[in-house]
Amino acid sequence: MTTPARKQYLRIKSQYPDTLLMYQVGDFFETFDEDARIAARELQIVLTSRMYGNEAVPLAGIPLHALNNYIGKLITAGYKVSVCEQVGEVGRGVVDRAVTRILTAGTLSEPNLLPARQNNYLVAIAMGRVQTALAAVDVSTGEFLVTWFRSEELPVALDAELQRLNPVECLLAEGSNREAYRFPTQTVTVTACPGHFFNSEMAQDRLCKLFGVQSLEAYGCAHIPQAVAAAGAIVTYLEKMNNGLLALLTGLKSYRTSSYMVLDAHTQRNLELLQGTRSGSVQGSLLGVLDRTITPMGAREMRKTITQPLLDLNELDARLGSVEELFESPALRSRFTMSLQVFSDMERIAGRIRQGTAVRNEVLGLRDNLEHVPELRELLRGCEALLLRELAEEMQDCQEVIDLVDRALMRSGEEDEHGDDGRLIRQGYDTELDELFASIRDSRRWMVSLEGRERERTGIKSLKVGFNKVFGYYIEVSNANLKLVPGDYMRKQTLVNAERFITPELKEHEARILSAVERIEEMEKGLYGEVLRQISVYYAQLAHTARLVARVDVLLSFAVVAVHQGYTRPQLEQGHGIDIRDGRHPVVEYALDGDVFIPNDTQMEADEGRRIMLLTGPNMAGKSTYLRQVALITLMAQIGSFVPARQARIGVVDRIFTRVGAEDDIAAGKSTFMVEMEETGTILHHATPHSLLILDEIGRGTSTYDGLAIARAVVEHLHSRLKARTLFATHYHELAALAEELPHLCVHAMAISDEDEHASIVFLHKVVEGSAGKSYGVHVARLAGMPMSIVERAEEILYQLEEGQQASDSRLILLPEREEHMGVESNGRVAESQASYHWQSEEARQIAQRLEAGEGSSDDLELINLYAITPLDALNLLSLLQSCQKKRTGRRA
Ligand SMILES: Nc1ncnc2c1ncn2[C@@H]1O[C@H](COP(=O)(O)OP(=O)(O)OP(=O)(O)O)[C@@H](O)[C@H]1O
């Protein structure tokens with residue numbers, strides 16, 4: 001037999017089947033059944049059971065006050081949590097309960113559940129035939145964004161935005177394929193929403209109603225149905241999860257990614273903008289070097305600044321001018337630092353006030369912040385840089401909010417004029433409340449005087465008036481004096497040495513106090529809510545001020561880092577050149593921590609000059625570092641930061657593309673080489689003559705001749721067709737010969753010192769003109785501690801290879817440029833004619849003959865391992881074996 005309480009639980013749970021239901025029972029939140037098992041496992045709390053009728057139900061509970069902590073853990077583990085509270089009077093029968101909010105990763109706004117220095121985005125993607133839109137909201141700050149992409153920009157542009165925003169939760173229309181989207185973290189919660197969430201007409205009405213407007217024209221996205229649909233889906237979802245969150249959404253910001261420098265997802269990861277690849281955290285990233293912001297909102301702004309470099313020269317000049325002024329004056333920097341140090345997270349507190357969830361200390365903190373706004377504004381006004389003065393003019397101090405808080409709220413621990421320190425609402429704010437406090441004081445005074453009066457009346461000198469939580473006020477008389485107790489005393493409690501009594505008069509005063517305390521609690525709650533509502537009228541103003549503080553914080557951070565790291569102001573211009581003198585890699589240099597970083601120059605000239613820089617050199621010589629350094633210096637210049645160089649002149653870049661290292665996509669069933677080719681193809685499709693390309697070891701993932709051929713074809717395309725500035729690192733020194741044919745290409749190498757043939761080489765980390773000529777791979781193997789026998793054998797093989805290979809290499813490299821260039825995406829394996837194989841060993845030649853005759857089998861693998869004594873032969877034989885097997889399966893099919 002199921003009890004009514006159990007029935008109520010099951011009814012509510014059936015309405016929220018996909019959430020973990022936290023069910024209030026008195027001072028606890030309980031979970032039942034499967035939810036209890038999950039909660040016990042995830043939260044490491046005790047799993048017990050409770051009898052409902054004759055049914056034993058699994059149960060695990062947590063105390064009411066600890067709810068937030070536990071919810072945080074469940075959400076991090078990927079669960080959705082619904083909170084069901086007692087909403088009815090506790091009395092006879094089952095108390096009424098209702099789900100008051102549903103919490104998911106993307107709908108959290110509690111400060112202790114969120115990382116302070118990072119936004120927490122919930123996104124929605126609306127896929128259309130022509131356009132696809134992405135809307136994003138951070139419910140802790142009220143930021144609400146939308147952007148859209150044409151179908152030909154997909155999936156690169158969408159992946160890039162997802163990487164930048166790093167959402168914790170994503171809404172998709174039911175039936176969408178989650179696998180089509182590349183989220184930067186595995187832990188993102190993907191929520192499938194009913195199709196009507198994404199209905200653009202309904203979304204339009206919903207958004208207009210929310211913002212109190214007739215049309216969405218002013219928000220710049222009214223003409224894009226997918227943008228409206230994505231933003232609408234977010235609003236509908238929030239409404240369902242926690243209606244209170246909608247109060248934060250006061251407008252929608254539309255933006256196009258093409259207004260900023262485009263950084264595809266791969267490039268963001270590759271340049272380690274926000275996260276170091278090795279550390280998986282801020283350490284080892286550009287953010288780790290540049291972020292010296294003081295306030296939480298400044299830190300969040302820094303992330304956006306780094307991932308959205310600007311294109312507009314005037315805007316950049318304004319930022320750099322501000323940084324320069326702060327850079328030049330230590331006194332100004334320290335005044336700004338002191339001024340910013342007093343600011344708490346105004347942006348999120350303003351949001352919590354708007355939602356009605358801010359606690360007293362947060363409100364008082366915000367009030368104190370506002371008190372410091374005029375000081376910051378005066379500092380800004382006194383500056384020469386126009387941008388700093390403009391920020392001052394936008395900054396409002398919201399004196400009304402300060403006055404309101406001062407009138408309404410007491411600080412905890414502060415005493416009023418009557419010595420009362422327990423008040424939330426200040427005396428004088430509400431007459432009825434003051435009267436209640438006065439009546440309590442009267443009754444307390446009566447209680448205090450009671451002791452004297454009763455001692456006199458009864459003649460009991462040791463008589464005491466006391467209070468305890470169970471019995472309330474009492475009069476205590478020791479056993480020795482019990483005979484003197486008057487007749488109107490009523491016995492209440494017996495102790496070992498004394499008795500406690502009450503009188504009707506005492507009870508009356510006590511009741512008066514208790515009801516006043518209850519009423520005060522209720523009134524203070526109501527009045528406090530009212531104060532929050534009054535402050536939230538200024539929400540937009542407060543949030544704007546917080547963002548201005550954040551921008552000042554970012555500019556100051558740039559200046560502080562520039563001084564500390566010895567950066568200089570870059571010169572930006574509209575042109576295609578890049579001229580960096582003594583440039584350094586900001587992150588590698590930072591990590592060296594005192595050791596010397598060898599600076600290098602970069603000169604890429606505009607239009608008819610040398611646009612392509614071919615960089616050769618051995619492994620470990622610093623090619624990758626140099627390539628990334630050029631990209632990072634360019635990016636830093638375009639976010640308005642000073643740069644690690646003696647001097648830098650940068651022609652504004654519209655996109656940076658990098659193809660560095662191998663990010664395998666084994667999960668998607670693609671080989672390293674396939675990924676390399678796909679990515680190179682994407683770059684060649686999307687790059688423009690204003691872009692900067694960083695290509696590291698293109699063609700490395702396949703056999704030597706294929707690789708060399710592809711590398712050459714890419715260089716030719718970049719040189720004669722695309723005309724984008726390119727840094728191209730390669731270990732194919734043979735490509736250096738191209739400089740004679742291609743006028744816009746220059747060849748550089750990483751300098752090596754190997755004067756003494758038998759000693760190890762020394763990496764000078766210096767970029768010099770000319771080609772490296774040799775790859776020193778075997779030297780690096782020696783350095784890496786390979787067994788000597790292997791190193792010596794490798795040297796022998798290398799010698800043979802170098803002797804035998806020269807002829808064939810030059811044959812390939814001197815092939816005349818074909819009329820129709822090889823497109824990488826067309827996948828023509830141009831170099832794979834059998835003639836291009838040059839067998840190093842007789843055994844290999846024999847195996848090859850059999851393979852070419854179509855007689856190869858998987859047993860040949862073993863033969864290849866045994867007889868192909870050079871790696872090059874082995875690679876070529878493997879590729880022959882592969883095509884032989886492919887032919888055979890093709891025939892069978
Ligand atoms: N300019 C420099 N000054 C000082 N140290 C440097 C410099 N450039 C690189 N290094 C150091 O040399 C190491 C190797 O650099 P990097 O990874 O760029 O070499 P690489 O030529 O790209 O090698 P590989 O081809 O094996 O990837 C880096 O870890 C870095 O610490």
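Whatever order the structure lists them in is the order used to number ligands and atoms, beginning at 1.
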Worksheet item: T602 versus D579: any side-chain heavy-atom pair under 4.5 Å?
Response: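 Side chain of T602 against side chain of D579, heavy atoms only: no contact under 4.5 Å found.
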
Contact (N/O only, under 3.5 Å) between [X] and ligand 1:
X	value
I598	yes
N600	no
A621	yes
Y626	no
D696	no

Discussion item. Out of all atoms in ligand 1, which are within 4.0 Å of some heavy atom of T625? Include the element for each.
Written reply: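 By the 4.0 Å cutoff, the relevant atoms are 8 (N), 9 (C), 15 (O), 16 (P), 18 (O).
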
Practice prompt. For G622, counting its heavy atoms only, list the atoms of ligand 1 lying under 4.0 Å from any of them.
Written response: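 Contacts of ligand 1 toward G622, numbered from 1: 8 (N), 9 (C), 15 (O), 16 (P), 18 (O), 19 (O), 20 (P), 21 (O).
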
Worksheet item: Distance from K304 atom NZ to L165 atom CG, nearest 0.5 Å?
Response: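 The distance works out to 9.5 Å.
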
Practice prompt. Without swapping roles, check the side chain of R725 against the backbone of H690 for a donor-acceptor pair under 3.5 Å.
Written response: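 Yes; at least one donor-acceptor contact below 3.5 Å.
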
Fill in: Salt bridge R117-D291, side-chain N to carboxylate O under 4.0 Å
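Salt bridge: yes.
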
Discussion item. Any salt bridge linking R164 with D264? Criterion: basic side-chain nitrogen under 4.0 Å from a carboxylate oxygen.
Written reply: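 No.
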
Fill in: CA sep, side-chain torsions, deciding dist, call: F558, F642, ring pair (Phe, Tyr, Trp, His ring centres under 6.0 Å)
CA-CA 7 Å; F558 282 163; F642 278 22; 9.1 Å; no

